[in-house]
Amino acid sequence: MIALIDCNNFYASCERVFNPALVNKLIVVLSNNDGCVIARSNEAKALGIPMGAAYFEYEAFMKANGVEIFSCNFPLYGDMSWRVMRTLEQFSPNIEIYSIDEAFLQPSVALCEGGLITLENYGEKMRSTVFRHTGIPISVGIAPTKTLAKVANKIAKKDKEHNGVFVLQKENEINKILNNFDINDIWGIGRRLTKKLNAYGIYTALQLKNMSDPWIKKNLSITGLRTVWELRGIPCLELEDIPTTSKSIMTSRSFKHPLTEKSDLQEAVATFASISAEKLREEKLTAFAVNVFITTGHFAKKHYGASNTMSLSMSSNYSADIISSALLALDKMYKKSYGYKQAGVMLVGLQAEEKTQFTLFADQKKHEKQKKLAHSIDLVNDRWGREAIFFAAVGKNKKWVTKPLRHSPRYTTNWKELPVAKANYM
DNA sequence: TCTGGGGTCCTAGGACCC
DNA sequence: TCTGGGGTCCTAGGACCC
């Protein structure tokens, strides 16, 4: 059996933990640049604000309905996530942190299979403990496979009578649930495949479960076949409780106002390259190549987009190497008289730092010096904030950075923003 | 005026090899 | 002149996830 734990309306719940006046209020959290809605409380969902709604289209409607609006506060959400996951780890050593607000976990064999506690009670215990430790409400779905645990979780969240925990185990019960389960809600079946399957008259998870293997393989590829087997209770997706190393690292942003000056774009790309290099060092990896993309976005009248990959002469995680390659890649693509809405830097060909192969003419002494320098820079920036020290190419103008409108304080990661602490010292 | 940011996996097709 | 068959590697694009 496998459990899926999912935090309810995670970002909205995080905002509520530190501001109890928000309980039962309508809350939405906006994306970077306050562009669109990325999280909603149940009340805001009920009002009919869709996920991804453009803020400018819904602003008046939300204000008229008293919706509390927040710019996203990822330092807070990341830290709250960390607390939730640490609490869950107390319940089982076999846990896979799947996303910022989700984890798969193998229920403790000693407790559950020994019959000391039912799976329902086990789930309830997780729920009450996480809430007590963090203030975050969660839902728990337990079933024989990951895909069915996802189904169970959805039921736990939707049907209030289950009190946030739902166990799906018996074949006839599984079929009953799947018969009323929309294929679009199955983990792994997205918009496109739903449309395709609908065209064949397949609408429910049970219908899909009963299709033949060759048909599934032909129409949905091997990935789809795995999903279907999982619906049949045959595990095809392992619990990945040993974290795998990243295969790519990306930093990208949309700009509130389109950038036309090359120098602004260069600053942005250098900044993204620098942040990516930092992430690379944090994970103790190096990259073989740097990919840069720029685009005017679909909404532009005059559309242009390009991407370019530069190989590094030697795999590296040194900011200057990454930045200079990124700028070179940008040079090859940049075209005048376009307004660029988005850019990004992706590092690929990642490899463990200690496996670095020196090329024939590589200067190992210089390499060691750079490594020490990078380490010192990281330490300073860790202590004094990102970009306390930075490479000149990253720049200071930052015309492309926009201040978020309504940020909540970083309650858990920054003393200065803690309202209680402030009150005490005043 | 204003539309997120990060990832993964799979497949088809081209280039190249013997 | 005729023009096989099997394999690998790489990349772009499509699909999905949160």
Side-chain angles (χ1 to χ4, degrees), chain A residues 4-11 28-40 49-60 62 69-74 77-78 81 96-104 146-147 150 153-154 183-197 216-227 236-237 240 243-258 268 272 275-276 279 283 288-289 291 293 295-301 305-309 311 339 341-350 402 404-405:
Chain A
L4 172 68
I5 294 93
D6 191 320
C7 300
N8 301 347
N9 316 315
F10 184 55
Y11 301 161
V28 304
V29 177
L30 302 176
S31 65
N32 219 296
N33 287 335
D34 296 328
C36 64
V37 173
I38 57 169
R40 307 153 293 158
I49 301 165
M51 184 70 167
Y55 179 48
F56 74 92
E57 278 177 8
Y58 278 81
E59 189 178 4
M62 291 199 281
I69 300 159
F70 291 91
S71 303
C72 55
N73 183 350
F74 283 105
Y77 310 150
S81 169
E96 171 189 345
I97 296 168
Y98 177 68
S99 73
I100 193 163
D101 68 339
E102 272 180 61
F104 288 103
K146 280 183 164 181
T147 306
K150 278 272 196 184
N153 188 287
K154 202 135 206 159
I183 46 167
N184 194 35
D185 291 333
I186 301 171
W187 190 42
I189 307 292
R191 240 185 34 239
R192 294 289 175 85
L193 292 181
T194 297
K195 214 173 148 194
K196 185 169 171 180
L197 289 167
I216 300 287
K217 175 84 198 296
K218 185 169 150 253
N219 289 283
L220 305 183
S221 93
I222 190 73
T223 340
L225 189 57
R226 277 202 280 262
T227 297
C236 299
L237 306 167
E240 290 167 29
T244 49
T245 57
S246 310
K247 298 191 168 75
S248 63
I249 284 176
M250 177 150 91
T251 308
S252 74
R253 291 285 179 282
S254 298
F255 311 120
K256 186 124 193 162
H257 303 288
F272 303 156
I275 295 171
S276 297
K279 292 182 192 166
E283 294 190 37
F288 272 113
N291 174 273
F293 74 88
T295 171
T296 56
H298 329 287
F299 297 100
K301 280 195 187 114
S307 100
N308 195 281
T309 304
S311 294
K341 270 294 287 181
Q342 194 190 18
V345 172
M346 181 156 78
L347 304 179
V348 290
L350 307 190
T402 42
L405 284 175

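By convention in this document, chain letters (A, B, ...) are assigned in the order of the sequence lines, proteins followed by strands, and residues within each chain are numbered from 1.
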Item to complete: Would you mind classifying the nucleic acid contact of A:Tyr58 as base, sugar-phosphate or nothing, using non-hydrogen atoms under 4.0 angstrom?
Response: nothing
Discussion item. Please report the distance separating the C1' of C:dG4 from the corresponding atom of B:dC16, rounded so that it comes out in whole Å.
Written reply: 16 Å
Fill in: Sugar-phosphate only, base, or nothing, as touched by A:Asp101 at under 4.0 Å among non-hydrogen atoms
sugar-phosphate
Practice prompt. Check every nucleotide of DNA chain C for an atom under 4.0 Å from a heavy-atom of chain A, then give the first and the last such nucleotide from 5' to 3'.
Written response: C:dA15 to C:dC18
Discussion item. Can you list everything that forms a side-chain contact (heavy atoms from CB on, under 4.5 Å) with A:Glu240? Sequence neighbours excluded, please.
Written reply: A:Glu96
Worksheet item: Who are the side chain to side chain donor-acceptor pair (under 3.5 Å) partners of A:Ser248, not counting sequence neighbours?
Response: none
Discussion item. Using a heavy-atom cut-off of 4.0 Å across all strands, would you classify A:Ile249 as base, sugar-phosphate, or nothing?
Written reply: sugar-phosphate
Item to complete: Would you classify A:Glu57 as touching base, sugar-phosphate or nothing, given that sugar-phosphate means primed atoms plus P, OP1 and OP2, and contacts are heavy atoms under 4.0 Å?
Response: nothing
Worksheet entry | Residue whose closest nucleotide on DNA chain B lies nearer the 5' end, A:Asn32 versus A:Ser248 | A:Asn32
Worksheet item: Where are the stems of DNA chain B, defined as at least 3 consecutive Watson-Crick or wobble G-U pairs with both distances under 3.5 Å?
Response: B:5-18 with C:5-18
Item to complete: Classify the nucleic acid contact of A:Ile186 as base, sugar-phosphate or nothing, counting any heavy atom under 4.0 Å across all strands shown.
Response: sugar-phosphate
Worksheet item: Considering residues at least two apart in sequence or located in another chain, which fulfil the side-chain contact (heavy atoms from CB on, under 4.5 Å) criterion with A:Thr194?
Response: A:Ile183, A:Asn184, A:Ile189, A:Asn198
Fill in: For A:Pro50, all residues meeting side-chain contact (heavy atoms from CB on, under 4.5 Å), sequence neighbours excluded
A:Ala53, A:Tyr58
Worksheet item: For A:Ser81, which residues count as a side-chain contact (heavy atoms from CB on, under 4.5 Å) partner, sequence neighbours excluded?
Response: A:Phe10, A:Met85, A:Ile100
Worksheet, complete the sentence: Of A:Ile222 and A:Met51, the one whose closest nucleotide on DNA chain B sits nearer the 5' end is A:Met51
Discussion item. In terms of relative ring orientation, are A:Phe104 and A:Tyr98 parallel, tilted or perpendicular, with 30° and 60° separating the classes?
Written reply: perpendicular
Worksheet item: Can you find a pair of side-chain heavy atoms, one from A:Leu237 and one from A:Trp187, that are under 4.5 Å apart?
Response: yes
Worksheet item: Contact class for A:Lys279 (heavy atom, under 4.0 Å): base, sugar-phosphate, or nothing?
Response: sugar-phosphate
Practice prompt. Mind checking side chain to side chain donor-acceptor pair (under 3.5 Å) for A:Lys279 and listing every partner two or more places apart, or none if nothing turns up?
Written response: A:Thr251
Worksheet item: With sequence neighbours left out, what residues match A:Phe272 under ring pair (Phe, Tyr, Trp, His ring centres under 6.0 Å)?
Response: A:Trp400
Discussion item. Just to be sure I understand the rule, does A:Ile100 reach a base, reach only the sugar-phosphate, or reach nothing, if contact means heavy atoms closer than 4.0 Å?
Written reply: nothing
Practice prompt. Would you classify A:Phe299 as touching base, sugar-phosphate or nothing, given that sugar-phosphate means primed atoms plus P, OP1 and OP2, and contacts are heavy atoms under 4.0 Å?
Written response: base
Worksheet item: Looking for any heavy atom pair under 4.0 Å, which part of the strands does A:Lys196 touch: base, sugar-phosphate only, or nothing?
Response: nothing
